[in-house]
Colleague: 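Quick one: the structure is below, questions incoming.
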Amino acid sequence: MSFIDYFRSKKTSSASVAKERLQIIVAHERTQRNQPDYLPAMQQELIDVIKKYVAIDEDDITVSLENSNNCSVFELNINLPG
Amino acid sequence: MAKIIVVTSGKGGVGKTTTSAAIGTGLALAGNKTVIIDFDVGLRNLDLIMGCERRVVYDFVNVINNEANLNQTLIKDKRVKNLFIMPASQTRDKDALTMEGVEKVLEELSETFDFIICDSPAGIEKGAHMALYFADEAIVVTNPEVSSVRDSDRILGILQSKSKRAEQGGEPVKEHLLLTRYNPVRVEEGEMLSVTDVEEILAIPLLGVIPESEAVLKASNQGEPVIHNQDTDAGKAYSDAVKRLLGEEIAFRFLDAPKKGILKRLIGA
């Protein structure tokens, strides 16, 4: 940091951008890490079954599994077209 | 009973082999009978870093296939007594290493050695998995850079779910963070993740910080582990890491940029 730099506007440092991006992606990947291996396949099969009856997009379905202490909550979210 | 330590990272080129060579040498210098095993089948390089490439006769795969015994295969280090190197095979056969074979060799080495250092290949495939599977402790080598930190976190996930200790529900593998290629000047300028940043993200205990140093390349060029060069910051930092690994508590060095004089500050040089 030189004398002249004190008069310049301060930009966000690239290291803090890196840290923020890492914290977000690492947290996201950690939640996926604990999911069982069968989850993606099961999600696909569920989508296929629902598609047989309702015309929906694959993006309209979200599946998630959350673990808390000694129980797991499996959540299936389907946006049915109105 | 030997302690098995894997040196791993996920990402390539962060300093796994350099670290295996330095830490293994340091442990042997401290009086422990140590063997460093190169798990990078097809891309053998530990022999070059240790300066024993011309003395390789048999390799890890030969031992597993019973084509050679341990005494024929282990290369004795020329500089340090109690230090041995087990070279990787240069075969292109990816399935040359088997879990049973690796287990058998580790068990046999365990009878006579104090420390077994497993130098893992990059990636998260079979070779890396086998290097970490039997580990009691893991040194996760990380550069202060986004892709390396992310890959280290992946490897930590694998250690916590796919290692023998994790599968058998035993005590978890003890994890250590080793930050390499650290440049305090760039950290101060806000251009590089700091030690605290990386510690915060990965949330594992810090074993050491190795400053970026010309001495590391020089040491590789000469085939002499950088820890032998105690005039350099990198050599000293590795010595500190070895002491911490052996349970000593030592303050961290080389984390701050050298102080500039008032004149240099003003002109920004």
Side-chain angles (χ1 to χ4, degrees), chain A residues 1-49 58-78, chain B residues 10-11 124 140 142-163 166-167 172 175 177 179 181-204 255 257-269:
Chain A
M1 182 74 70
S2 75
F3 183 66
I4 301 152
D5 285 336
Y6 287 108
F7 297 104
R8 293 198 190 128
S9 64
K10 267 212 174 153
K11 274 191 279 178
T12 340
S13 78
S14 65
S16 60
V17 177
K19 185 184 179 184
E20 208 182 304
R21 290 174 60 215
L22 271 169
Q23 278 173 325
I24 294 166
I25 192 67
V26 163
H28 175 71
E29 285 175 344
R30 276 181 194 159
T31 58
Q32 285 192 334
R33 190 189 289 169
N34 300 322
Q35 291 182 349
D37 294 339
Y38 61 74
L39 206 69
M42 186 167 85
Q43 175 170 5
Q44 191 54 49
E45 278 183 48
L46 284 168
I47 292 169
D48 291 342
V49 170
E58 305 225 343
D59 300 339
D60 292 333
I61 303 178
T62 52
V63 177
S64 73
L65 189 70
E66 274 180 36
N67 294 306
S68 59
N69 297 332
N70 50 5
C71 78
S72 305
V73 178
F74 180 76
E75 201 178 281
L76 179 67
N77 247 310
I78 311 165
Chain B
K11 192 177 181 298
I124 51 171
V140 180
T142 308
N143 289 169
E145 176 266 331
V146 283
S147 51
S148 175
V149 175
R150 182 199 207 171
D151 290 357
S152 293
D153 194 68
R154 288 275 288 157
I155 276 292
L156 287 169
I158 292 168
L159 281 163
Q160 289 156 13
S161 62
K162 302 243 164 72
S163 62
E167 282 184 1
E175 298 154 345
L177 170 64
L179 207 54
R181 298 207 163 152
Y182 195 69
N183 187 334
V185 176
R186 301 199 71 185
V187 171
E188 230 161 70
E189 285 165 356
E191 290 174 6
M192 184 181 264
L193 290 164
S194 71
V195 184
T196 8
D197 291 342
V198 182
E199 271 185 292
E200 225 173 277
I201 295 162
L202 294 178
I204 59 168
L255 300 188
K259 292 275 171 286
K260 282 181 186 174
I262 182 91
L263 188 66
K264 275 194 176 170
R265 260 172 210 273
L266 283 172
I267 58 174

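What you see below is based on every heavy atom in this structure, not just the backbone, and it leaves out hydrogens, waters and symmetry mates. Every chain is numbered from 1 and lettered A, B, ... according to where its sequence line falls, protein lines coming before strand lines.
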Colleague: Compare every heavy atom of B:L193 with every heavy atom of A:A15, then report the nearest pair and how far apart it is.
Modeller: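 Shortest heavy-atom contact: O-CD2, 3.6 Å.
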Colleague: Is it the backbone or the side chain of B:E200 that comes under 4.5 Å from a heavy atom of chain A, or both, or neither?
Modeller: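 Side chain only.
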Colleague: What's the shortest heavy-atom distance between B:I201 and A:R30, and which atoms?
Modeller: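 Scanning both residues completely, I find the closest heavy atoms to be O-NH2, 2.8 Å.
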Colleague: Give a yes or no on this: more than 12 heavy atoms of other residues, nucleotides or ligands lie within 6.0 Å of atom CD of A:Q23.
Modeller: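 Atom CD in A:Q23 is crowded, with more than 12 foreign heavy atoms closer than 6.0 Å.
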Colleague: Hey, could you give me the OG/CD distance between A:S13 and B:E188, rounded to the nearest 0.5 Å?
Modeller: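 CD of B:E188 is found 12.5 Å from OG of A:S13.
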